[in-house]
Protein chains: 2
Amino acid sequence: MTEHTTGRVDHEADLRKAGIRITRPRRIILRIVSETDDHPDAYEIFRRAVKVDKNISLSTVYRTMKLLEEHGTIQRHAFAGGPSRFEHAGEEHHDHLIDVETGDVIEFRSDKIEKLQDEIARELGYDILHHKLELYGRKRRSA
Amino acid sequence: MTEHTTGRVDHEADLRKAGIRITRPRRIILRIVSETDDHPDAYEIFRRAVKVDKNISLSTVYRTMKLLEEHGTIQRHAFAGGPSRFEHAGEEHHDHLIDVETGDVIEFRSDKIEKLQDEIARELGYDILHHKLELYGRKRRSA
DNA sequence: ATGCAAATGCAAATCGTTTGCAACAAAAAA
DNA sequence: TTTTTTGTTGCAAACGATTTGCATTTGCAT
Ligand SMILES: [Mn+2]
Ligand SMILES: [Mn+2]
Ligand SMILES: [Zn+2]
Ligand SMILES: [Zn+2]
C-alpha cells in the first residue's frame, strides 16, 4: 500500500500502480468507502455516490466493488443472507457481532481465537486463506 | 425430539406433535436430508427428491426447508455467498472448514473457541443467539 | 491533439428464492 | 366411510441482488 506523507494510504496511486484506471465514478466510490466506518451495501454506496454525481449507475458501483475487492482495497461480507456489505480493508483484521434486533455491527478481535483457528486448520491439513466469524446476538436484558 | 426404540429420532412423529402435516413430498425431503452427511443446496435436494417422486416441485423443496429450519430439524448455511446449503440438525454443534479448491466441507468443533465467543459477547453486553465460523482454506502443499 | 483500449450507463438477463392461485390431499368431523 | 375443513402442492409469475451485452464515452499513452 502506498503511504502518503500523512501516513494515510493513497488508494488512487495504489490502483494506478496496479494498472487500474482512475475514473470519475471510481474516485467517488473510493472516497465513500474509505471515509465511512460502517458497513454499507452496494445500494447504499450508490445512494451516497449519486449525491456527488447524479449519473453514476448502480452497475458501476457493483463493478467497482468487485474490482476493489480483487485488489484488496475493500472487504466483502455477507451477513445473515442479506446483500453483500463492504468495508475498507485498511485496518487490522477483525470479526463482527451483529445485533439481530437493530442490525448494528460491532467489531471485535480475539487473538486467541485467531490462533486457535490456525491450529485447527493445520491439524486438518489446511492453510487458511480467509475466514468468517460472525456472532449474532441480542443486547443482554439485565432486568 | 421424539426417540424411537432404536435410538434414532423419529422426525415424522416429532413434526406431527408440533401440528405439522406429514405429506408425501415432506416425507421424501425429510428422508433425504436426514440420511445424507453432506451439505446439499435446495436444488440438489430437489434433484434427489425427483428421483423418488417425479413431480415434486422446487417450490415445495424451498417451502419445506424453511419449515424444517423453523422447526429446528435442519440448519441453513450460506457459505461464501452461494446458495443456502442445509444439513440435518441432529448432531452436536460444529463449524466448517471449506476447501476453496474442491468445495469440500470439513466439520470441526473447538470448545475453546466456543467458550471464547461467549466471553467476547458477554464483555460487549450481548447474548449470542447463534454464530457462524467458517474457515476457507487450501490443502497444505507439503512440497 | 489523436487513437485506442477500457469503463460507463442503460436495459435486459441471470440466479436463487418467494409468492399468488387454482387444484389437490391430509386430517377432522360427521 | 363419506363429507367437510383446512393446509399443501405444482406451476408460473414476481422478486431482490447482481451481472452482462452493447453502443457510447472516457482515460490516458503517444
Ligand atoms: Mn468491520
Ligand atoms: Mn456441518
Ligand atoms: Zn477473525
Ligand atoms: Zn461454533
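Chain naming here is simple, since letters A, B, ... match the order of the sequence lines and numbering starts at 1 in each.
- The CZ-P distance, from Arg76(A) to dT18(D), rounds to 7 Å in whole Å.
- If you check dT17(C), dG9(C), dG10(D) against the side chain of Ser84(B), the one that comes closest is dT17(C).
- At a cut-off of 3.5 Å, with distance as the only test, a side-chain donor of Glu87(A) or His94(A) sits close to an acceptor on the other residue.
- Nucleotide dA17(D) holds its P atom 10 Å from the CZ atom of Arg47(A), rounded to whole Å.
- Residue Ile56(B) is grouped with residue Ile22(B) when hydrophobic side chains (ILVMFWY) are merged at heavy-atom distances under 4.5 angstrom, including chains of intermediate members.
- To the nearest angstrom, C1' of dG16(C) lies 15 Å from CD of Glu44(B).
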When you check every protein heavy atom under 4.0 Å of nucleotides 24-30 of chain C, what one-letter string (B, S, -) results, 5' to 3'? --BS---
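- Both Asn55(A) and Tyr43(B) lie near DNA chain C, and the one whose nearest nucleotide falls closer to the 5' end is Asn55(A).
- Annotation: proximity of residues 57-67 of chain B to DNA chain D (heavy atom, distance under 4.0 Å) is found for Ser57(B), Ser59(B), Thr60(B), Arg63(B), numbered in ascending order.
- Side-chain contact check for His131(A) and Gln117(A): at least one donor-acceptor pair (N or O, by modelled atom type) lies under 3.5 Å.
- Salt bridge absent: Glu119(A) and Lys115(A) never bring a charged side-chain N and a carboxylate O closer than 4.0 Å.
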Watson-Crick and G-U pairing of DNA chain D written in dot-bracket, each distance under 3.5 angstrom, with | for inter-strand partners: ||||||||||||||||||||||||||||||
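- A salt bridge between Asp99(A) and Arg138(A) is absent, with no side-chain N of the basic residue lying under 4.0 Å from a carboxylate O of the acidic one.
- Side chains of His88(B) and Glu35(B): a donor-acceptor N/O pair is absent below 3.5 angstrom, by distance only.
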Evaluate the side-chain hydrogen bond (donor to acceptor under 3.5 Å, both in side chains) criterion for residues Ser84(B) and Arg76(B): first the C-alpha distance (whole Å), next the side-chain angles of each, then the deciding distance (0.1 Å), finally the verdict. CA-CA 6 Å; Ser84(B) 290; Arg76(B) 175 190 303 261; 3.1 Å; yes
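- Within a 6.0 Å sphere centred on CZ of Arg31(A), other residues, nucleotides and ligands contribute 12 heavy atoms or fewer.
- Summarising the geometry, the separation between CD1 on Ile45(A) and C1' on dA17(D) is reported as 14 Å, rounded to the nearest angstrom.
- Note: NZ (Lys17(A)) to P (dC28(D)) measures 15 Å, nearest angstrom.
- In this structure a side-chain-to-backbone donor-acceptor pair under 3.5 Å is present from Tyr136(B) to Ala80(B).
- Side-chain N or O atoms of Arg140(B) include none that pairs as donor or acceptor with a backbone N or O of Asp127(A) at under 3.5 Å.
- If you check every strand for non-hydrogen atoms under 4.0 Å, Asp41(A) touches nothing.
- To the nearest angstrom, P of dG16(D) lies 16 Å from CZ of Phe46(A).
- Ring geometry, Tyr43(A) versus Phe46(A): the interplanar angle falls from 30° to 60°, so the pair is classed tilted.
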